[in-house]
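Before any comments, here is the structure.
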Amino acid sequence: MNAVSTELATYNFAYLDEQTKRMIRRAILKAIAIPGYQVPFASREMPMPYGWGTGGVQVTAAILGPDDVLKVIDQGADDTTNAVSIRAFFKKVANMAVTTKTGEATIIQTRHRIPEEKLTAGQTLVYQVPIPEPLRFLEPRETETRKMHALEEYGLMHVKLYEDIARNGHIATTYAYPVKVEGRYVMDPSPTPKFDNPKMHMSEALQLFGAGREKRIYAVPPYTEVVSLDFEDHPFEIQTFDKPCALCGAENVYLDEVVLDDKGGRMFVCSDTDHCEDRRDHGHCGTMLAYDKETAR
Amino acid sequence: MTDAPLLKVRDVSKFYGARIGCRNVSFELWPGEVLAIVGESGSGKTTLLNCLATRLMPTSGTIEYRMRDGQMRDLAHMGEAERRFLMRTDWGFVHQNPADGLRMAVSAGANVGERLMAVGQRHYGNIRATAGDWLRRVEIEVDRIDDQPRAFSGGMRQRLQIARNLVTSPRLVFMDEPTGGLDVSVQARLLDLVRNLVHDLGLSAIIVTHDLAVARLLSHRMMVMKDGQVIEQGLTDRVLDDPREAYTQLLVSSILQV
Ligand SMILES: Nc1ncnc2c1ncn2[C@@H]1O[C@H](COP(=O)(O)OP(=O)(O)O)[C@@H](O)[C@H]1O
Ligand SMILES: [Mg+2]
Ligand SMILES: [Zn+2]
C-alpha cells in the first residue's frame with residue numbers, strides 16, 4: 001500500500017499526464033459534437049483492472065479540475081468496493097473534494113445507475129461502459145457495425161427486440177436498453193436499468209460514456225433527445241414496483257431486493273443509497289423502518 | 001415484359017491482379033426475364049454475378065439499373081447508402097451456402113422480418129404475420145417460426161434464405177448455385193418452388209449454375225462462359241437444343257451422358 005501511494009505521488013494531477021488528457025478531451029469534444037457517436041481513443045493502462053471502469057476513470061481524470069466535487073456510485077450505492085476504490089483513487093491523485101450527495105457533486109462517475117435526484121445544468125455524469133457497441137449482439141464484425149452506424153442502418157436493433165418478444169412475449173431487455181440519440185445514432189446506455197432511460201432524455205446534465213477495454217468515448221450533451229427503441233404494438237415501458245421503498249417509502253424509484261434472513265424474508269429498498277438516506281433524513285419512513293421503531297419502543 | 005431493359009451491362013471485366021475473373025461481358029436483362037449463367041468451375045460465373053450485384057467492383061465496364069422511378073442509373077456512381085438500400089429492398093441475393101445469407105443465431109421469423117424492419121416497419125404483429133405468410137409460401141411449417149435455421153435441414157435453410165430475400169418484393173434476384181449443396185431429391189423440390197415463385201411474382205432473376213438442367217428448368221435465356229468470357233448466348237431452348245459453339249456442344253453432350 002505504501003509502495004502504491006509513493007508511486008502514485010509521482011504522477012501528474014488526476015494521474016494522467018497532460019498529453020493524454022488533451023487526447024481524451026479531444027475525443028470528448030468530438031463525442032459531444034456528434035451525440036451518440038462512438039469516438040475511438042487511445043485508452044491508457046490504469047492502475048486497476050478493466051472491469052473496474054477504466055474508461056470512466058480516464059474520462060473523469062481528463063475533465064476534473066481542482067474545484068470539482070466527485071461522487072462515485074456503483075449500482076446506485078456509494079459504499080461498494082468499486083465506488084470506494086475509485087473515489088479513494090481520485091482523492092489521492094487529485095486531492096479533490098468527494099461527496100456522496102448527488103446535489104453537491106459536479107462530476108458523478110457511475111456504473112449501472114443514474115441518480116434518482118434530477119441532475120442539473122453544470123453537472124456531468126460519467127458512465128463506465130463495458131461494451132459500447134449496441135449492434136455487437138447480432139453483428140460481430142466491427143467493419144460492418146461501423147458501416148451500419150455511418151449509413152444509419154439500424155434494422156438489426158429491431159431484430160434483437162423482435163427476438164425478445166418472440167421468446168418472451170414482451171421486450172425482455174431490462175438493462176443496456178438501446179436508445180436513439182437526437183434522431184441519429186443508436187447508442188447503448190451501458191448496463192443501466194431501462195428504468196433510467198427516460199432520465200437521459202433532455203437531461204440538463206452532460207452525459208459522457210467511457211469504454212476502456214474497447215477504447216471508445218461517446219456523449220449525450222445537455223438537452224438532447226434520447227428515445228428508447230420499441231415497436232408500435234410493444235411500446236417501451238420502464239420497470240414498475242409493487243411497493244414503495246421499505247426504508248424511506250419512496251415511490252417511482254428503482255428498488256433492489258435485499259434478503260433479510262434465510263427464511264425467505266426480504267425487502268425492497270432504493271438502489272440509490274444517497275436518495276434513500278436523504279429522504280429518511282427528511283423524515284420519510286418506509287414500512288420496515290416504521291416496524292423497527294415500533295419494536296424498539 | 002416491358003419495352004425497356006432492367007439491367008444494362010456493357011463490357012464488364014474483372015481482374016484479380018493479372019488473373020482474369022471475367023472479361024468484356026455485355027448483355028441486357030429484361031423485366032420478368034430469368035437469365036442463367038452456365039459454365040464449368042472457374043469460368044467466371046461467380047465473379048460476374050458479384051460484379052452485377054455490386055458485391056465486387058468491376059475493373060472496367062458499366063452496369064446500369066432501371067430504378068423503380070424508371071430512371072436508368074449507373075451503379076458505380078451510386079452512393080454506398082443508396083446502393084445498400086437497393087440491395088436490401090429492390091434486389092435479392094441467394095447464396096449457395098445458406099449460412100452466408102442467413103443469420104443463423106436468430107429465429108426464422110426474424111430472418112424473414114429483418115428487411116421489413118430495415119425499411120422502417122415497426123409493428124411486431126404485422127412483421128410476424130408477414131414472416132409467417134412467407135414461411136408458408138416457401139413450404140416451411142409456420143410453427144417453426146421461432147426456431148433458428150441451425151435446426152433446419154439444408155433444403156429448409158435454402159427456402160428460408162429465399163423467403164428472407166423476397167419479403168420486400170424485390171424486382172431482381174441474383175442466385176449463385178442455389179441448389180449446389182443439396183441432395184438431388186431436395187434440389188428438385190427447390191427448383192420447383194423457385195420456378196413457381198419467379199413466375200407468380202414476375203421476378204427478374206440471374207441464376208449462376210454449372211448444372212444445365214437447372215438452366216433448362218428455370219431460365220428463358222442463357223449465357224455460356226469459358227475462361228471468363230461469354231462464348232455463346234441465346235434463348236435457353238435454342239442453346240441447349242442447337243448449340244453453336246463447339247465448347248457448348250461439349251457441355252451439352254456431357255450433361256446428356258450423365
Ligand atoms: N478472390 C479471388 N482472387 C483471385 N482470383 C480469383 C478470386 N475469385 C475468383 N478468382 C479466379 O477467377 C476465376 C473465375 O472464378 P469464379 O468467378 O469463382 O468462377 P466460377 O464461379 O465460374 O467457378 C478463376 O480462375 C478463379 O480462380
Ligand atoms: Mg462459382
Ligand atoms: Zn428508499
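Chain naming here is simple, since letters A, B, ... match the order of the sequence lines and numbering starts at 1 in each. Owing to the predicted nature of the structure, the values given are computational and were not obtained by experimental measurement.
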In residues 134-141 of chain B, what donor-acceptor pairs under 3.5 Å come from side-chain atoms, sequence neighbours left out?
from   : atom 1 : to     : atom 2 : distance (Å)
B:R136 : NH1    : B:D133 : OD1    : 3.0
B:E139 : OE1    : B:R189 : NE     : 3.1
B:E139 : OE1    : B:R189 : NH2    : 3.2

Query - Spatial distance of atom NE2 (A:H158) from atom OH (B:Y124) [nearest 0.5 Å] - result: 13.0 Å
**Report entry** CG/A:N252: more than 12 non-hydrogen atoms of other groups inside 6.0 Å
**Finding:** no
Requested in this report: For the pair A:D233 (side chain) and B:H123 (backbone), establish whether a donor and an acceptor sit closer than 3.5 Å, ignoring hydrogens and angles.
Outcome: no
Report summary line: Expected contact set for residues 46-76 of chain B against chain A at heavy-atom separation under 4.5 Å reads none
Report summary line: Greatest number of non-hydrogen atom pairs under 4.5 angstrom with chain A, of B:G125, B:G120, B:G109, falls to B:G109
Query raised in the report: Sub-3.5 Å donor-acceptor pair from the side chain of A:E163 to the main-chain atoms of B:S107, do we have one?
Result: yes
Report summary line: Turns out that what part of A:H234 lies under 4.5 Å from chain B's heavy atoms comes down to side chain
Report summary line: The interface call for B:L116 against chain A, heavy-atom contacts under 4.5 Å, is neither
Report summary line: Here the gap from B:M117 atom CE to A:L229 atom CG, rounded to the nearest 0.5 Å, amounts to 12.5 Å
Query raised in the report: Hey, is CD on A:E45 packed in by over 12 heavy atoms from elsewhere, all under 6.0 Å?
Result: no
Report summary line: Comparing B:A110, B:A105, B:G79 against chain A, the one with the most heavy-atom pairs below 4.5 Å turns out to be B:A110
Query raised in the report: Within a radius of less than 6.0 Å around NE2 of A:H170, do more than 12 heavy atoms belonging to other residues, nucleotides or ligands occur?
Result: yes
Query raised in the report: What's the spacing between A:K147 NZ and B:R84 CZ if we round to 0.5 Å?
Result: 5.5 Å
Query - Atom CZ of A:F236: over 12 foreign heavy atoms under 6.0 Å - result: yes
**Report entry** A:Y162 vs B:R128 side-chain heavy atoms within contact, under 4.5 Å
**Finding:** yes
